[in-house]
There are 2 protein chains.
Amino acid sequence: MSDASSFRLGDLQLRIMRVLWRCGPLGVAEVRERLDGDDLAYTTVATMLRKMEDRGLVGHETLDRRFIYHAAVDERDVTRSMADDLVDRLFEGSLAQAVSHLLQTREVDEDELAELERLIRKRKSKTAHK
Amino acid sequence: MSDASSFRLGDLQLRIMRVLWRCGPLGVAEVRERLDGDDLAYTTVATMLRKMEDRGLVGHETLDRRFIYHAAVDERDVTRSMADDLVDRLFEGSLAQAVSHLLQTREVDEDELAELERLIRKRKSKTAHK
DNA sequence: CATGTTCAACTACCGCGGTAATACTACCGG
DNA sequence: CCGGTAGTATTACCGCGGTAGTTGAACATG
């Protein structure tokens, strides 16, 4: 399970997954109303969910004639996969290059910088006793 | 020029752009032979280039009856746009969260960690006298 | 001049994300 | 029993990335 497949989710798909990850198993209507932004047609969400089920991203059980959908892939797996994908595509797999670019082109406040330093130190200690 | 549009390039498009960015203006055949990996049909590359020209990603001049294509968008703009896009989509815009995730899920050697530390220190000094 | 070569132009097709209308089905209330 | 309501199933359509065959025009060359 959780084969290292490369997930490449579209915008709506990602938003739907987020809803399911955050709010647990939900019916179509519940998913729909929890999607922020533009109000999509009920059938749009239903169709998308079915397509996503075909791809194994979600699953469903029938309860009282309604479909209750749940996420079938792990959030971390998807996130990692998509992030790795981009790092590979844009920065030839170099994490340092990616971070460097982000640091140079984005607004980064001091809190965030401090947080990053903390993360790196933590990571460093972890690598040490390898 | 360089409006802050969100570039979302496909795989082949990105590979083509990289060729044009690295090797300067080129004819279709030159672009094609510089694309690593799978050998695409000549017409595939030509078609893609035309589609990309429609979108303003590249431009061309005619020289000796041949089309010489050149990149019409800046590499940094595209890279930033795509990277920002993903950080927004996956990490709600939080750079720290993004980097944190990358650090936790990827193999990172010590050299890279050191490089990251260096980058952050550099960035810190830059923010200081702002 | 005829012919082959080298392009660009045009056309087509697939898959998929996204969006949705329409059709069907089952249940619920009177 | 019958009509509304809620929900799924079916079908359709657009845009775009990707892939490529076919056509047509111009040029080189014997």
[X] [atom1] to [N] [atom2]: how many Å, rounded?
{"X": "B:Arg8", "N": "C:dG17", "atom1": "CZ", "atom2": "C1'", "value": "11 Å"}
{"X": "B:Leu9", "N": "D:dG17", "atom1": "CG", "atom2": "C1'", "value": "11 Å"}
{"X": "A:Tyr69", "N": "D:dG7", "atom1": "OH", "atom2": "C1'", "value": "11 Å"}
{"X": "B:Met52", "N": "C:dA8", "atom1": "CE", "atom2": "P", "value": "15 Å"}
{"X": "A:Leu57", "N": "C:dG18", "atom1": "CG", "atom2": "C1'", "value": "15 Å"}
{"X": "A:Phe7", "N": "C:dC16", "atom1": "CZ", "atom2": "P", "value": "15 Å"}
{"X": "A:Asp64", "N": "D:dT8", "atom1": "CG", "atom2": "C1'", "value": "14 Å"}
{"X": "B:Asp54", "N": "D:dG18", "atom1": "CG", "atom2": "C1'", "value": "15 Å"}

Any A:Tyr42 side-chain N or O less than 4.0 Å from OP1/OP2 of D:dT8: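 Checking A:Tyr42 against D:dT8: at least one side-chain N or O falls below 4.0 Å of OP1 or OP2.
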Short side-chain N/O contact from A:Arg65 to OP1 or OP2 of C:dC27, under 4.0 Å: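 Result: yes.
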Listed partners of B:Arg50 passing side chain to side chain donor-acceptor pair (under 3.5 Å), at least two apart: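 Here no residue qualifies.
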Residues from residues 11-39 of chain B lying under 4.0 Å of DNA chain D - heavy atoms: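 Close to the strand are B:Asp11, B:Leu12, B:Gln13.
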Flag if over 12 foreign heavy atoms under 6.0 Å of CZ, A:Arg65: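 Check fails, neighbour count at 12 or below.
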Residues, nucleotides or ligands: over 12 heavy atoms within 6.0 Å of B:Asp38 CG: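 Yes - once you tally the heavy atoms of other residues, nucleotides and ligands closer than 6.0 Å, there are more than 12.
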Closest-nucleotide 5' rank along DNA chain D - winner of A:Arg66 and B:Ala41: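 The residue mapped nearer the 5' terminus is A:Arg66.
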Candidates [options] - which lies nearest the side chain of [X]:
{"X": "A:Arg55", "options": "C:dG17, D:dC27, D:dA20", "result": "C:dG17"}
{"X": "A:Met48", "options": "D:dT8, C:dT19, D:dT22", "result": "C:dT19"}
{"X": "A:Arg50", "options": "D:dG17, D:dT10, D:dT8", "result": "D:dT10"}
{"X": "A:Leu40", "options": "C:dC27, C:dG17, C:dA20", "result": "C:dA20"}
{"X": "A:Phe67", "options": "D:dT8, D:dT11, C:dT11", "result": "D:dT8"}
{"X": "A:Thr44", "options": "C:dT19, C:dC27, D:dG21", "result": "C:dT19"}
{"X": "A:Lys51", "options": "C:dG18, D:dA20, D:dA9", "result": "C:dG18"}

Counterpart residues, side chain to side chain contact (heavy atoms under 4.5 Å, CB included), relative to B:Ala41 (two or more places apart):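 If we apply the side chain to side chain contact (heavy atoms under 4.5 Å, CB included) test to B:Ala41, skipping adjacent residues, the hits are B:Thr43, B:Thr44.
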Non-hydrogen side-chain atoms of B:Leu116 and A:Leu95 separated by less than 4.5 Å: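 In short, these two side chains touch, coming nearer than 4.5 Å.
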Side chain B:Arg76, main chain A:Thr105, donor-acceptor under 3.5 Å: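 No, because the side chain of B:Arg76 does not come within donor-acceptor range (under 3.5 Å) of the backbone of A:Thr105.
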Side-chain (A:Trp21) to main-chain (A:Asp74) donor-acceptor, under 3.5 angstrom: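 Looks like no, no N/O pair under 3.5 Å.
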Aromatic plane relationship, A:His60 with A:Phe67 - under 30° parallel, 30 to 60° tilted, over 60° perpendicular: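 If you compare the ring of A:Phe67 with that of A:His60, the planes turn out parallel.
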